[in-house]
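Every chain is numbered from 1, with letters handed out A, B, ... down the list of sequences.
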Amino acid sequence: MSIPGEWYLILAAALFTIGALGLLVRRNVLVMFMCIELMLNAANLTFVTFSRMLGDIGGQVIVFFVLVVAAAEVVVGLGIVVAIFRRRASTSADDLHILKG
Amino acid sequence: MILGTVHPTIPDAATFAVCAAIIIGGAFGVITARNAVHAALSLVLTLFGVAVLFIEQQADFLAVVQIIVYAGAIVVLFLFVIMFLGVDRREDVAHEPLHGQRPMALLLIVVALGGVIALGVGAHWATGAHAVAGPSHLKGHPNVYVLGKSVFTTYLFAFEATAALLVIAVVGAVVLARRPRMEERAKETGAPEEPAAVGGAPDGGEGAT
């Protein structure tokens, strides 16, 4: 008998919350991006687990699309980080308050 | 009935335990590392753990894609930007400008985790119709056959939309990372460029994905 799906789901929930915690407490934009990747991975693990528990291929297809979206998000996000760094020479999210009213 | 009445075999349980430890350890490494490079390397650890758990759940193709796309492209892109910007120095993690933000965040996270697990227990984890979008296993066919058939028939439109998405992302990254031309730079007032830290050609790392 293989591992019950609940274990995977709890592990994925823990991974997601660790990523969310990092997003809340860290100030470095690059590390915040990595925390978003952690959360996306937790979602992927959940999708694959549900795919196995329900015997449905749809979960795995969605993981495939999540991977594509994650790649696009990182490319654009890091482009923005580079553009901001040119202007402010900093990757701290605290320094990005130009739009503050 | 929270953690099953079923008893997994020893190899399965050992694989899961080791991978869970690697995943959680890597995740903590990401959020606690002072150096962004160390955070990126911890992220690789977590991604490998998740890939092994994909294999453990018979999602072989996704495990391979996870390694190639995440560890091979995304993390390399992260490292490239970290080195490119020259921000691979230690960061003062102890300094916290917002008073009491960390305890609040921790409290929020613990509540969220407890809530999600309670919801899962209450809903018996996975309920619903089986194999709505097609079965995940066909006798005599590997996982990649089943997945590819689904992507190129049921989800063909979404698949083509991702192609457009990737093209837009590449163009967007080139536009964002491009250095403004001399005449454009002259028009900008009061915001001098900082070419000292960012010498060299425009960011060429987008092609990796």
Side-chain angles (χ1 to χ4, degrees), chain A residues 1-11 13-15 17-22 24-26 28 30-31 34-35 37-38 41 44-45 48-58 60-61 63-65 67-72 74-76 78-83 85-87 89 91 94, chain B residues 3-4 6-8 12 16 20 23-24 27 30-31 36 39 43 50 53-54 57 59 62 65 69 74 77 81-82 85 87 91 97 102 105 109 112-113 116-117 120 125-126 130-136 146-147 150-151 155 158 162 165-166 169 172-173 176-177 191 194 197-198 203 206 209:
Chain A
M1 192 67 205
S2 58
I3 302 283
E6 299 94 287
W7 295 20
Y8 290 101
L9 295 178
I10 291 173
L11 175 65
L15 181 59
T17 47
I18 292 172
L21 179 64
L24 287 174
V25 301
R26 291 304 297 260
N28 187 331
L30 290 164
V31 176
M34 290 178 207
C35 291
E37 298 307 314
L38 285 183
N41 263 277
N44 283 352
L45 189 55
V48 171
T49 305
F50 278 131
S51 165
R52 187 185 58 132
M53 289 172 93
L54 297 175
D56 193 325
I57 193 65
Q60 296 188 22
V61 175
V63 171
F64 185 76
F65 291 132
L67 285 171
V68 176
V69 172
V74 165
V75 166
V76 175
L78 292 179
I80 292 173
V81 171
V82 169
F85 190 83
R86 291 235 165 98
R87 218 158 251 280
T91 54
D94 280 341
Chain B
L3 285 182
V6 290
H7 295 287
D12 278 340
F16 180 82
I23 290 173
I24 298 295
V30 171
I31 69 171
L43 183 63
V50 172
L53 288 188
F54 281 178
Q57 305 200 70
L62 289 178
V65 171
V69 172
I74 291 184
L77 197 58
V81 170
I82 291 168
L85 299 182
V87 289
E91 175 188 353
R102 283 182 185 175
I109 291 308
L113 181 60
V116 168
I117 291 178
W125 300 107
H130 284 239
V132 175
S136 62
V146 184
L147 184 61
S150 193
V151 167
Y155 297 97
T162 58
L165 176 71
L166 283 178
L176 282 170
E194 318 230 1
V198 281
D203 186 357
E206 302 81 33
T209 52

Quiz prompt | Side chains of Leu38(A) and Leu43(B) in contact at under 4.5 Å (non-hydrogen atoms) | solution = yes

Self-check item: Cys35(A) vs Val30(B) side-chain heavy atoms within contact, under 4.5 Å
Solution: yes

Quiz item: Which residues satisfy the side chain to side chain contact (heavy atoms under 4.5 Å, CB included) test with Ala126(B), sequence neighbours excluded?
Solution: Phe50(A), Met53(A), Leu54(A)

Quiz item: Which one of Leu67(A), Leu24(A), Leu21(A) has the most heavy-atom pairs closer than 4.5 Å to chain B?
Solution: Leu21(A)

Self-check item: Under 3.5 Å: donor-acceptor pair, side chain of Asp56(A), backbone of Val132(B)
Solution: yes

Quiz prompt | Side-chain donor/acceptor of Arg52(A) to backbone N/O of Ser136(B), under 3.5 Å | solution = no

Quiz prompt | Max heavy-atom pair count under 4.5 Å with chain A, selected residue of Ala112(B), Ala59(B), Gly172(B) | solution = Ala59(B)

Exercise. Determine the option with the most heavy-atom pairs under 4.5 angstrom with chain A, choosing from Ala20(B), Ala27(B), Gly120(B).
Key: Ala27(B)

Quiz item: Side chain, backbone, both or neither: which part of Leu147(B) has an atom under 4.5 Å from a heavy atom of chain A?
Solution: both

Quiz prompt | Heavy-atom pairs under 4.5 Å with chain B, option from Val48(A), Val76(A), Asn44(A) with the top count | solution = Val48(A)

Self-check item: Max heavy-atom pair count under 4.5 Å with chain B, selected residue of Val61(A), Val69(A), Val81(A)
Solution: Val61(A)

Practice problem: Would you mind telling me which of Ile23(B), Leu165(B), Leu53(B) has the largest number of heavy-atom pairs within less than 4.5 Å of chain A? | Solution: Leu53(B)

Self-check item: By side chain to side chain contact (heavy atoms under 4.5 Å, CB included) - contacts of Val116(B) (at least two apart)
Solution: Ala13(A)

Exercise. Just give me the residue among Thr162(B), Val50(B), Val151(B) that pairs up with chain A most often, heavy atom to heavy atom, under 4.5 Å.
Key: Thr162(B)

